[in-house]
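Here is the structure we will look at.
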Amino acid sequence: MKISFSERALTVVAGIPRGKTLSYEQVAVLAGSPRAYRAVGNIMNKNENPNVPCHRVIKSDGTVGGYAHGTAKKKAILKREGAL
DNA sequence: CGTATGACGTGCA
DNA sequence: GTGCACGCCATAC
């Protein structure tokens, strides 16, 4: 199967250890396209992979950014994991 | 291929 | 610190 950029991004995010967070830009870089941070967010939003901790992906500013289940929930999870 | 969309990033007022 | 505009890339239609 051909691994699209989405697969790569999901794989990278899946490799984020607990209590750690990566910015969309970093994920895009690790995925192989430093300028695809836009696509990364798009993929995370449509992400159907439950094994991918997309909540650990935040903006480069350090802000939580967005979350399909609610930004408040995302912040709660990060705080719970000690990432925030 | 062209257009539209999006959980972004940077710059400037 | 806040708000707005532009650019950037991948995906869907």
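What you are looking at is a predicted structure, and each value in this text was computed from that prediction instead of being measured. Residue numbers begin at 1 in each chain, while the letters A, B, ... track the order of the sequences. We use all heavy atoms of the structure for the numbers below, so side chains are in, but hydrogens, waters and symmetry mates are not.
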Item to check | Integer-rounded Å distance: dG7(C) C1' and E25(A) CD | outcome: 13 Å
Item to check | Whole-Å distance separating the CG atom of D61(A) from the C1' atom of dG3(C) | outcome: 14 Å
From [atom1] ([X]) to [atom2] ([Y]), nearest 0.5 Å:
{"X": "N49(A)", "Y": "C54(A)", "atom1": "CG", "atom2": "SG", "result": "9.0 Å"}
{"X": "I58(A)", "Y": "Q26(A)", "atom1": "CD1", "atom2": "CD", "result": "10.5 Å"}
{"X": "M44(A)", "Y": "Y24(A)", "atom1": "CE", "atom2": "OH", "result": "8.5 Å"}
{"X": "S6(A)", "Y": "K46(A)", "atom1": "OG", "atom2": "NZ", "result": "9.5 Å"}

Checklist entry - Under 3.5 Å, is there an N or O donor on one side and an acceptor on the other linking the side chain of Y67(A) and the base of dA7(B)? => result no
Item to check | Heavy-atom pair with the smallest gap, counting every atom of A83(A) and K20(A) | outcome: CB-N, 4.3 Å
Checklist entry - Looking only at heavy atoms, which two atoms of K74(A) and V57(A) are closest? And how far apart? => result NZ-O, 2.5 Å
Item to check | Sequence-aligned protein contact record of nucleotides 8-13 of chain C, with B where the base is within under 4.0 Å of a protein heavy atom and S where only the sugar-phosphate is | outcome: BBBSS-
Item to check | Side-chain N or O of T71(A) closer than 4.0 Å to phosphate OP1/OP2 of dA7(B) | outcome: no
Checklist entry - Under the side-chain contact (heavy atoms from CB on, under 4.5 Å) criterion, do I43(A) and L10(A) qualify, and how do the steps go? => result CA-CA 8 Å; I43(A) 292 158; L10(A) 292 167; 4.2 Å; yes
Checklist entry - Counting only N and O atoms by type, is there a donor-acceptor contact under 3.5 Å from the side chain of T11(A) to the main-chain atoms of E7(A)? => result yes
Grab the N/O contacts between the protein and nucleotides 11-13 of chain B below 3.5 Å, and write none if there aren't any.
none

